[in-house]
Protein chains: 2
Amino acid sequence: MNDVTEDAAGPAAGLPRDRNATAARILKAASELLAENGFQNFGVNAVARRAGCDKQLIYRYFGGMDGLVDAIGVQLAGWVEERMPENGGSGFLLTYGDLVERLLLLFMEALRDDPLMKKIIVWEISENSPQVRRLSEARSKSLALWIDRVRGRMQPPKGVDPFALNALLIGAVQHIVLAGEAAKRFAGVELESAKDWDRIAQAVKRLVRGVYP
Amino acid sequence: MNDVTEDAAGPAAGLPRDRNATAARILKAASELLAENGFQNFGVNAVARRAGCDKQLIYRYFGGMDGLVDAIGVQLAGWVEERMPENGGSGFLLTYGDLVERLLLLFMEALRDDPLMKKIIVWEISENSPQVRRLSEARSKSLALWIDRVRGRMQPPKGVDPFALNALLIGAVQHIVLAGEAAKRFAGVELESAKDWDRIAQAVKRLVRGVYP
DNA sequence: TCCGTTTGTCACTGTATGGTGACATAAATC
DNA sequence: GATTTATGTCACCATACAGTGACAAACGGA
């Protein structure tokens with residue numbers, strides 16, 4: 001375990017002492033732990049064990065778990081930019097409906113491929129501690145900015161409430177992705193194979209086209 | 001605390017010994033605890049504390065936490081029947097769209113008013129233990145039966161995938177209710193006052209009418 | 001009345017957690 | 001080279017948890 005060739009090995013294995021490096025190792029360990037196990041059993045001891053260092057360092061370098069979670073949030077600030085193409089995925093976005101459809105499907109795929117983000121969203125709806133609230137604020141701010149940017153001058157149709165509608169649509173996508181992660185099915189619909197998810201994608205399109213024709 | 005007039009007081013306070021009564025007290029304590037605090041800190045000690053008895057009785061009468069959770073699931077089996085009117089809320093359900101709209105709005109209200117069910121759904125998407133799986137199966141079975149019953153001979157329109165669409169719609173409602181519970185807002189939309197929820201209800205209608213005209 | 005069973009309580013083990021103070025050692029500064 | 005600081009480790013505290021064996025008291029039947 002504490003071999004010199006071990007990735008996560010700290011100075012105990014003879015490596016040089018480097019605050020930044022170990023702080024980064026702790027942050028990485030925390031992110032991975034959260035992505036794999038969720039927010040349960042997510043604590044100082046587990047993170048320190050995984051990072052291969054003493055938990056004391058978590059208190060010293062991050063001021064405890066709160067600070068560490070904040071650091072994860074900072075890492076996550078660029079989540080949207082990193083995995084959503086700037087132009088909305090491809091050209092030819094003529095209508096508001098085109099835009100929302102493309103965004104939702106992109107978001108669904110990105111979320112499906114990101115265990116950490118899935119776990120964080122579950123955490124968000126599981127409790128309302130200041131910790132997780134700060135975590136979610138960073139993400140939703142960045143998302144809102146990105147949407148504004150990619151929307152350009154496109155305007156939603158009159159006579160509808162695009163904010164409420166989009167909230168429901170995003171909620172639908174998030175919930176079905178999370179449910180699929182946990183149970184491989186939801187409301188009688190299988191959520192496992194690529195085909196299953198294609199079916200969901202088609203339904204999302206239908207839903208969007210129904211309200212933004 | 002252990003006064004004779006205390007509701008949850010057990011035989012320590014002089015009450016007669018009664019297995020059924022204390023088992024019921026334990027079950028009640030567990031349900032309340034789950035409804036108030038969620039599945040975190042939900043364990044033998046906490047339940048026994050709240051029920052005012054020794055945790056040993058939980059092992060004896062329920063075989064441990066697993067059995068206790070199963071018992072909660074049994075209690076929950078009739079959830080749908082108990083709070084959803086048999087005829088779909090009122091007459092005049094002419095189309096499949098009428099039906100889905102009414103069902104979704106009823107479901108949303110019922111869910112909003114039921115802390116226990118909210119916590120259980122969060123639990124369902126948080127982990128995939130056999131415990132919580134059995135818990136959710138009971139509920140979804142009863143829901144499916146009820147839907148079949150209330151649907152009667154009404155048929156969904158051709159050319160769409162009602163299962164996938166309904167899964168998304170149910171997911172949307174569940175997610176927005178859960179998010180509202182946790183954070184009082186979601187995707188930039190306030191979720192606090194009756195007016196806020198009315199706005200969401202309108203959007204749900206729009207969404208349904210878009211796919212089931 | 002006596003005796004076995006049921007119901008409830010207590011005390012204990014082992015394990016995990018969050019958190020802190022004391023210490024050793026490497027690195028940097030003088 | 002000597003001293004001060006940064007970095008990392010360790011041992012320990014109080015607390016909480018799940019689970020178990022032993023015991024006390026109430027109950028019920030003979």
Side-chain angles (χ1 to χ4, degrees), chain A residues 1-4 6-30 33-34 37-70 127 129-132, chain B residues 1-4 6-30 33-34 37-70 127 129-132:
Chain A
M1 197 55 156
N2 277 341
D3 201 28
V4 177
E6 185 62 47
D7 270 6
L15 296 189
R17 294 186 166 186
D18 181 344
R19 170 173 179 151
N20 289 350
T22 57
R25 241 176 40 235
I26 291 173
L27 188 55
K28 182 163 174 284
L33 215 53
L34 197 54
N37 295 19
F39 60 100
Q40 284 178 293
N41 310 323
F42 182 65
V44 191
N45 291 306
V47 171
R49 245 195 316 274
R50 172 144 193 159
C53 69
D54 198 273
K55 57 182 168 183
Q56 173 83 20
L57 301 185
I58 295 176
Y59 291 99
R60 248 183 237 160
Y61 297 158
F62 296 92
M65 263 297 149
D66 288 24
L68 185 49
V69 171
D70 280 352
E127 55 175 303
S129 60
Q131 267 204 26
V132 73
Chain B
M1 197 50 161
N2 277 341
D3 201 27
V4 176
E6 186 61 48
D7 270 6
L15 295 189
R17 294 186 165 185
D18 182 344
R19 171 174 178 150
N20 289 350
T22 57
R25 240 173 45 230
I26 291 173
L27 188 54
K28 182 162 175 283
L33 215 54
L34 196 54
N37 295 24
F39 60 100
Q40 285 178 293
N41 309 324
F42 182 64
V44 189
N45 290 306
V47 171
R49 243 193 321 272
R50 172 143 192 159
C53 67
D54 198 272
K55 58 182 167 184
Q56 173 81 22
L57 300 185
I58 294 176
Y59 291 100
R60 252 188 233 156
Y61 297 157
F62 295 93
M65 263 298 150
D66 289 22
L68 186 49
V69 171
D70 280 351
E127 56 174 301
S129 62
Q131 268 206 22
V132 74

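Throughout, protein chains are lettered first and strands after them, A, B, ... in sequence-line order, and every chain is numbered starting at 1. Bear in mind the structure is a predicted one, so any value in this text is a computation, not a measurement.
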Sequence-distant partners of F39(A), ring-ring contact (aromatic ring centres under 6.0 Å, His included), two or more places apart: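 Applying ring-ring contact (aromatic ring centres under 6.0 Å, His included) to F39(A) gives W123(A).
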
Interatomic distance, [X] [atom1] vs [N] [atom2] [rounded to whole Å]:
X      : N       : atom1 : atom2 : result
Q40(B) : dA16(C) : CD    : P     : 20 Å
F62(A) : dT7(D)  : CZ    : P     : 13 Å
R49(B) : dG8(C)  : CZ    : P     : 19 Å
F39(A) : dT17(C) : CZ    : P     : 16 Å
R25(B) : dT7(C)  : CZ    : P     : 13 Å
L57(B) : dT6(C)  : CG    : C1'   : 11 Å
N20(A) : dA27(C) : CG    : C1'   : 14 Å
F42(B) : dA18(D) : CZ    : P     : 10 Å

Nearest non-hydrogen partners of L68(A) and A30(A), listed with the distance: CD2-CB, 3.8 Å

Closest heavy-atom pair and its distance - A46(B), N41(B):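 Of all heavy-atom pairs spanning A46(B) and N41(B), the closest is CB-O, 3.6 Å.
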
Find every protein N or O atom lying less than 3.5 Å from an N or O atom of nucleotides 19-22 of chain D, and list the pairs.
{"unit_1": "dG19(D)", "atom_1": "OP2", "unit_2": "Y59(B)", "atom_2": "OH", "d": "2.9"}
{"unit_1": "dG19(D)", "atom_1": "O5'", "unit_2": "Y59(B)", "atom_2": "OH", "d": "3.4"}
{"unit_1": "dG19(D)", "atom_1": "N7", "unit_2": "K55(B)", "atom_2": "NZ", "d": "3.2"}
{"unit_1": "dG19(D)", "atom_1": "O6", "unit_2": "K55(B)", "atom_2": "NZ", "d": "2.7"}
{"unit_1": "dG21(D)", "atom_1": "O6", "unit_2": "Q56(B)", "atom_2": "OE1", "d": "2.8"}

So do [Y] and [X] actually touch side chain to side chain, heavy atoms under 4.5 Å?
X      : Y      : answer
V69(B) : F42(B) : yes
F62(B) : L57(B) : no
R50(A) : V47(A) : no

Under-4.0 Å side-chain N/O to phosphate OP1/OP2 contact, T22(B) with dG8(C): yes

B/S/- contact track for nucleotides 1-6 of chain D, protein heavy atom under 4.0 Å: -----B

side-chain contact (heavy atoms from CB on, under 4.5 Å), paired with V44(A), selected from R49(A), Q56(A), M65(A): M65(A)

D18(B) side-chain N/O to A21(B) backbone N/O, donor-acceptor pair under 3.5 Å: yes

Interatomic distance, K55(B) atom NZ to I26(B) atom CD1 [nearest 0.5 angstrom]: 13.0 Å

